[in-house]
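Data block below; observations after.
Note that these values count all heavy atoms, side chains included, but never hydrogens, waters or copies made by symmetry.
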Amino acid sequence: MSMFHSMNTTSSALTAQRLRMDVVSSNMANMDSTRARQINGEWQPYRRKSVVFQPQQSGFSSYLNQAMGRENSRAGSGVKVTKIIDDNVTPFKMVYDPTHPDANKEGYVQMPNVDPLREMVDLMAATRSYEANVTVFNASKSMMTKALEIGK
């Protein structure tokens, strides 16, 4: 394990959480977008997006250690974003507005499946995680600085 291992791990988490906050911001910005993309010639509302995280493998050595049964083979190597997925489970909201240009024959408009309360909870969780990782990064930096001062 290198001296900068903890900083690399923390910086990967900072990057992942920043992207998560960006996706939440995009969801909030598009919560009224009724024409996000066209499927089979029909406009569809914006679909909520979410981020999928995966543990980051540190390379061949992690696989070798895991195969040899060493306990530290699962030591944290950070996190990476594997993909950003659309929420296809939550249905679109139907809102009655016969004056809307995208209203159907009954006067209902399909609105995005974005729930502002859920987005705010996700944003708060990502923010707290980001803050915790900043604290860890600063603690690691402080320990390295103290170690260098000892060597003077």
Would you say the side-chain atoms of Ser12 pair up with the backbone N or O of Val79, donor to acceptor, closer than 3.5 Å? yes
Tell me the closest heavy-atom pair linking Thr34 and Gln110, and the distance in Å. CG2-O, 3.7 Å
Strictly by modelled atom types, are Tyr46 and Asn113 linked by a side-chain donor-acceptor pair under 3.5 Å? no
Are Val136 and Met143 linked, directly or through other ILVMFWY residues, by side chains that come within less than 4.5 angstrom of each other? no
Are Val95 and Tyr108 co-members of a hydrophobic cluster defined by side-chain heavy atoms under 4.5 Å apart? no
Close side-chain approach of Pro45 and Met111, heavy atoms under 4.5 Å: no
Transitively linked via ILVMFWY side-chain contacts under 4.5 Å: Leu123 with Val134? yes
Quick check: are there more than 12 heavy atoms from other residues, nucleotides or ligands sitting under 6.0 Å from CE of Met94? yes
Side-chain heavy-atom pair Glu149, Thr145 within 4.5 angstrom cut-off: yes
Taking C-beta and beyond as the side chain, do Met21 and Tyr130 meet within less than 4.5 Å on heavy atoms? yes
Can we say Asp86 and Arg48 salt-bridge, meaning some charged N sits less than 4.0 Å from an Asp/Glu carboxylate O? no
Do Val52 and Val81 land in one hydrophobic cluster if side-chain heavy atoms of ILVMFWY residues count as linked below 4.5 Å? no
Does one hydrophobic cluster hold both Phe53 and Leu19, with members joined at side-chain heavy-atom distances below 4.5 Å? yes
d(Ser129 OG, Arg20 CZ) to nearest 0.5 Å is 7.0 Å
Decide yes or no on side chain to side chain donor-acceptor pair (under 3.5 Å) for Ser11 and Asn8, but give the supporting numbers first. CA-CA 5 Å; Ser11 63; Asn8 292 339; 4.7 Å; no
What's the shortest heavy-atom distance between Ser33 and Pro112, and which atoms? O-CG, 3.2 Å
Rounded to the nearest 0.5 Å, how far does CZ of Arg47 lie from CD1 of Ile85? 12.0 Å
Might you point out which heavy atoms bring Val109 and Asp97 nearest each other, and give the distance in Å? CG2-O, 3.8 Å
Just how far is it from atom CD of Gln44 to atom CG of Asp102, taken to the nearest 0.5 Å? 10.5 Å
Does either side chain, that of Thr135 or that of Asn138, offer a donor lying less than 3.5 Å from an acceptor on the other one? no
The test is side chain to side chain contact (heavy atoms under 4.5 Å, CB included); show your working for Met31 and Glu119 and say whether it passes. CA-CA 10 Å; Met31 66 185 280; Glu119 298 304 320; over 6 Å; no
Mind checking the CE-CZ spacing from Met28 to Arg118? Nearest 0.5 Å is all I need. 13.0 Å
Quick check: does any side chain N or O of Asn104 sit under 3.5 Å from a backbone N or O of Glu106, one acting as donor and the other as acceptor? yes
May I ask you to decide if His5's main-chain N or O and Thr9's side chain share a donor-acceptor pair within less than 3.5 Å? yes
Interatomic spacing from CG in Asp87 to OG in Ser50 - rounded to 0.5 Å: 6.5 Å
Do Asp22 and Lys49 meet the salt-bridge criterion of a basic N to acidic O distance under 4.0 Å? no
Worked verdict on Thr10 versus Asn133 for side chain to side chain donor-acceptor pair (under 3.5 Å): CA-CA 6 Å; Thr10 306; Asn133 282 295; 4.7 Å; no
Determine yes or no for a side-chain-to-main-chain donor-acceptor pair under 3.5 angstrom, with Lys93 supplying the side chain and Val114 the backbone. yes
